[in-house]
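Sending over a structure as structure tokens; questions will come in a sec.
Whatever order the structure lists ligands and atoms in, that order sets their numbers, starting from 1. The structure presented is a predicted model; accordingly, all values stated were derived computationally and were not measured.
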Amino acid sequence: MIIDSHAHLLYYGDDVKRIVDNMENDGLERIVNIGTTVQNSREGIELANRYDKVYATVGIYPEYAASTTEADLKEIDRLAGEDKVVAIGEIGLDYHNGDKDKEAQKRVFEEQIMIAKRHNLPICIHTRGAVSDTYEILKKHQKDIVFPSIMHCFSENGEYAKKFMDLGFYISFSGNITYKKSDRSYLKDIPLDKILLETDSPYLSPMPLRGQTNEPSHIIHTAQKIADEMQIDVEKLIANATANTYRVYKKMR
Ligand SMILES: [Zn+2]
């Protein structure tokens, strides 16, 4: 059975019930709902409290850093103590709209690394167009981070995959790894005990369902593509990824 280690279930509104009800049929064992704001972190916890097989992370996404207040960070700190919260995330740096709020992003990122430390929780990292700054901050805080932690939706290259694994991160792949232009050459060099699977639903639906709204059930296509690339049986990949996910999200049962 697969764990979708990163999804945004609040997007589906009332339809989330259908997704959770179908989990068994879809071969899904757990889904981890990811927070990006104070408000949806709070709602994610409510969702996790409603459904046994759903867990939650809390955190503020880099693009909201500039408008983040001290009160917001205090609230994330408070929510981090809730039972079904298994990580702080997604947090990190995103410069794809330019780098005008770089300093705010770095500050909010570092403050959330420290919140995770206080709660002994792993972190789930989002980085886009900012890999070298992200790496520098994670390296600087290596002693503060609870490992293993997660590089989410990894789409850099083999060199950086190795650098992040050397720090103590696991590498998580979502649907975009199946896309024609994605670099998959280094997948064979990712040890099976360092790999996670996710959908990042509703975004990044894998091939051959690209263009559709993504859902946790689509994760099998991502798993199959990675397994083909690694030349291993998909069930073997899934068994490893699931075990790895429990090692990261230690509070998940
Ligand atoms: Zn996400």
* Structure fact -> Across all chains, not counting sequence neighbours, the salt bridge (Lys or Arg N to Asp or Glu O under 4.0 Å) partners of K251 are none
* Asked: So how many protein N, O or S atoms does the Zn ion (ligand 1) have within less than 2.8 Å?
  -> 4
* Applying side chain to side chain donor-acceptor pair (under 3.5 Å), name anything that partners T178, two or more places apart in sequence or on another chain. => none
* To do: Taking all heavy atoms of E90 and all of D200, pick out the closest pair and write down the distance.
  => OE2-OD1, 4.4 Å
* Non-hydrogen side-chain atoms of I150 and P122 separated by less than 4.5 Å -> no
* **Lys NZ or Arg CZ of R210 over Y179 ring: under 6.0 Å, within 45°** => yes
* **Set of ring-ring contact (aromatic ring centres under 6.0 Å, His included) partners for F164, sequence neighbours left out** => Y135, Y160
